[in-house]
Amino acid sequence: MNEGIKGKRIMVVDDESDLTLFYKMSLEFHGFEVDTFNDPRKALSNFKPNYYNLVVLDIKMPGMDGFELNKELQKIDDKVKVCFLTASELYYKEFRKEEFCALDKELFIRKPVENEELIKEITRLIRK
Amino acid sequence: MIFPASQHQKGEKEVKEFTQVFHGVDIVMNTILQFLHQTEGRIDACVDYTRPSLAIDILVLKEAFLAAKSRGVKLRYITEITRDNIFYCKQLMTMVDELRHLDAIKGNFYVSETGYLAPATFHEAGKSAAQAIYSNVKEIIEHQKYVFETLWSKTVSAEQRIREIEEGNEPEFFDVIIDNVKASQVLNDMTKSVKKEALILLPNDKALVRIDRLGIVDSLLKASGNGATVKIICPLTEENSMIQKKISENSQDIRILDSNISSYGMYIIDRERFLRAELKKPGADNFSDAIGLVVYSNRRITVDSFQSIFELLWNEHTLIEELRKADRMQKEFIGIAAHELKTPIQAILGMSGLLKYYPERTDEVIEVIRRNAVRLKRLSTNILDVTRIESQTLKLEKERFNIRDLIPNIIEDYKERIQNNTNGKVRLIYDNDDSINNHPIVIEADKERIVQIISNLLSNSIQFTSEGYISLEMATKVVDNEVTVTIRDTGIGINPEIMSRLFSKFVTRSQQGTGLGLFISKNIIEAHGGKIWAENNTLDGRGTTFSFTLPLADAMKLG
C-alpha cells in the first residue's frame, strides 16, 4: 500500500485545528510528509512550486475559501493535485456544477470521512 | 419677446389690434405666464379638470397666479371639480377670488378686459398645449366674455361641489374610458388624492416602471408619508428592481409582494373608487400605450368586490411569501447545522480510527475526541433549544428565587476557566449593587435557563478577552421594577457590521461558535418579559457590555 507514496509531500489547510491534527496523523502514519495550516493566507505564503505533490483543502474557511486558495495555488504550481474536503452539501453541488473537477488532478471528499477511505482516495489520486 | 407685453399695460391708448397663433409647448407656457403676469384688472379662466393640478404643481404657473392676486387682479376660475382633483381645487380656492364648478368642461381659455388667450383649441387632457391663440381684438374679447358669463351662470359654487363629493353625495358612476391619455390622467389624479389607502395590483414587472414614469410612485410615497396604507402586488424582477429600491429607500411602510403575471392592473383608492386597466401591450414603455379597455367607477358594490379580490390576493401572497421565507430559513439551518455537526463528528470519527496506530499518543487523541464530543453535546442542546423556540414549545420551569444566590456557583466555575484560558491575564470581577447592599433580588424565572444565559455570556467574553477583566454586575431599578444583569469585558469588541444582527441565528464572532447562543438567550429573556442588548464599550475604548433585564417578582418599595 505504501508503494509510491513514500516521501510524497502534502499540504493540509483547514481552519479547525483538531481536523488538521487528524489529517496530519493519519497521512503521516501512511508515509506521507505533511505540513498543516489553519490559516489559508499563511498556507498560500508558504506554498512553493514543485514542492508539494498534493494539497488537501477545506472549503469553508475565514478570509479565503478553499476554491479561492486553490486558484492562487494553481498559479504558483499548476501540477499540484487537489483534494477538497467539505461538510457542506452546498459547496459539493457548486463544485459539481462548475465542473471544477479536473478528474485526473482533483478530488472531492465529503466530511465526515473515515481514516481508511481518506488514505485510499488520496493514494489513488496521487498515483494517477 | 413673443408676447406683446406693452399692449396690456394700463394707460395705453393706441393699441394695435391683432390675433396670433403661437406654436410649441414652451412658447405656449411662456405666453400663459406672461398673460398672468401682465394682465391688470381681471382674469376669467375656464379650464378642464386637469388644469388645477398643473396650476399647483408647476411652480412658475402657481407663482404667476399668486403674483396676479397680489397685484389686485380679480380672478374667476371655472373648472370641473372631481373627487380626484379636489385636493388641488382646495388649494386653488386660496389663490383665486372665486372658483366654481361646471360639469364636463372641455377646452381651456382665459379672458381679460384686454385679451383673450386659449392655450390650444382642443388638446389632450392633462398635457401641456402645443398651440395657443392670443387675440386683443375687441370683438373677440367681448364674445369670449359673453361665453364666460354664460358658462359662469351655469356653475355651482366650489364649496357646495366639494361638500357633495366629500359627503359621498357624488352620484355613482361607472365609466369606460377609451381615451388612454385620459385614463393616465385619471389614474394620476386618483393616486394624488389618496387619503387613507391605496391598493394596487400590477399585471407585470414593467407596469411598475410605467406607473413610476407617470409619477404615480411618487404620489404613493407622498401618501404613505402622510400616513396612508399602500399595498402593491406586482411581479418583482430585475426589470423593476430600481423602482423597488426607490420605494424601499423612501418608505418603510409601503409593502410590495411578489406575484405572477396577470392580464390587468387594478387600483383601489380609499375604498371609494377603483380603476381597472386591461393590459394590451405588456412590453410598452408608457402606461397609455400598454393599456386596453379601462373601467373607472365609484359604484359601491363594485368597489367592494374589487376590494375583496385584492384582499384575498394579498393574503394569498403574504402566505406564499412566509412559506418561501420559512423554506429558505430551514434550508439555511440545515446547511449550517450540517456543517457544524460534521466538523466534530469528523474529529471524533477520524481520531478514534487513529488510536490503534498511535498507542503512545493515546491521551492526546482521547482529549481531541472528548473536546469534540463536548462540542457536539453543546450543539445538540442548542439545536434542540432553537427547535423549541421556533415551534413555540419552549417551556419555562418558573420558580421564585433570589438571583444573587446564583452568583457564587457561577463565579466558582468561571474563575478557574478564566485563569486557565488566559494564563491569569484576565480578572473576573463580581460587583454587588452597593445601594441596596445584598438585599435579595427575587425574580420568578427558570433558574436553569438564567444560569445558562449568564454562562453563555461569560463564555463569550472569555473567548474574546485576552487581558484586562470580565465583570458581572447586578442592579435593581425601582422605577421599572426590574433587575439588570451586566457582563462587561475588555475584549476585542463586536464588529459593528454584525451588531444589528447579533441576536439572530448563526451570527457569530468566532469560527468555533454555532451562532445560536445569543439567539437562544434573547428568546429566553424575552419569554421572561425581559430585554437583552449589547454595546461596545466607549468609555475605556475596548470590549463589550452585554446586559439583560428581568422583571422582579414583587413590586419594590420606593425609598
Side-chain angles (χ1 to χ4, degrees), chain A residues 1-2 12-32 34 36-42 56-66 83-95 108-122, chain B residues 327-379 383 463-464 492 495 497-498 506-515:
Chain A
M1 168 120 190
N2 286 6
V12 177
V13 192
D14 192 314
D15 60 314
E16 296 275 349
S17 54
D18 285 349
L19 296 189
T20 45
L21 179 65
F22 157 63
Y23 300 133
K24 187 178 168 68
M25 287 173 81
S26 172
L27 292 164
E28 277 180 350
F29 183 80
H30 290 91
F32 295 102
V34 183
T36 63
F37 295 89
N38 295 120
D39 178 349
R41 292 183 190 284
K42 234 172 225 162
V56 174
L57 300 180
D58 181 28
I59 293 177
K60 193 185 164 193
M61 291 185 287
M64 184 186 244
D65 73 24
C83 173
F84 292 106
L85 274 163
T86 190
S88 162
E89 292 295 317
L90 204 76
Y91 283 127
Y92 185 72
K93 278 182 195 149
E94 194 179 318
F95 176 78
F108 203 107
I109 298 176
R110 272 186 273 190
K111 293 181 196 173
V113 57
E114 295 217 37
N115 194 23
E116 285 71 20
E117 168 90 3
L118 177 75
I119 298 300
K120 198 176 81 191
E121 292 289 339
I122 284 182
Chain B
D327 189 47
R328 205 165 48 233
M329 281 173 67
Q330 200 178 357
K331 280 198 180 119
E332 184 188 59
F333 181 80
I334 291 169
I336 295 173
H339 184 266
E340 292 303 318
L341 283 164
K342 283 174 181 175
T343 300
I345 290 173
Q346 176 68 77
I348 293 167
L349 195 67
M351 286 311 230
S352 55
L354 290 181
L355 272 174
K356 59 176 184 283
Y357 298 143
Y358 291 97
E360 76 288 0
R361 291 172 74 177
T362 313
D363 287 354
E364 187 192 347
V365 172
I366 287 178
E367 180 50 31
V368 175
I369 294 174
R370 201 198 61 84
R371 188 162 55 229
N372 281 279
V374 169
R375 182 169 164 185
L376 210 47
K377 178 194 154 201
R378 198 177 63 222
L379 187 68
I383 289 177
Q463 220 181 322
F464 300 109
I492 59 166
N495 181 348
E497 267 178 41
I498 67 166
F506 305 125
V507 174
T508 175
R509 288 192 278 171
S510 83
Q511 289 304 312
Q512 255 75 51
T514 60

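The sequence lines fix the lettering, A, B, ..., with proteins before strands; numbering per chain opens at 1. Remember, predicted model here, so these are calculated numbers, not experimental data.
A:Met25 places a side-chain heavy atom less than 4.5 Å from the side chain of B:Met351. Contact of the B:Tyr358 side chain with the A:Glu28 side chain is registered, since non-hydrogen atoms from C-beta on lie closer than 4.5 Å. Using a 4.5 Å heavy-atom threshold, the side chains of A:Phe29 and B:Lys356 count as separate.
Rounded to the nearest 0.5 Å, atoms NZ (B:Lys342) and CG (A:Leu85) are 12.0 Å apart. Between B:Glu367 atom CD and A:Leu21 atom CG the span is 11.5 Å, to the nearest 0.5 Å. Here CG of B:Leu349 is found 12.5 Å from NZ of A:Lys111. Values are rounded to the nearest 0.5 Å.
Looking at residues two or more places apart in sequence or on another chain, you find no salt bridge (charged side-chain N to carboxylate O under 4.0 Å, His left out) involving B:Asp363. For A:Arg41, there are no salt bridge (charged side-chain N to carboxylate O under 4.0 Å, His left out) partners at least two apart in sequence or on another chain.
Heavy-atom pairs under 4.5 Å with chain A peak, among B:Thr343, B:Leu341, B:Ile345, at B:Thr343. Of the listed residues (B:Asn372, B:Leu354, B:Val368), the greatest number of heavy-atom pairs within a distance under 4.5 Å of chain A belongs to B:Leu354.
Checked options B:Arg375, B:Arg371, B:Arg370; the residue passing with A:Asp18 is B:Arg371 (criterion: salt bridge (Lys or Arg N to Asp or Glu O under 4.0 Å)).
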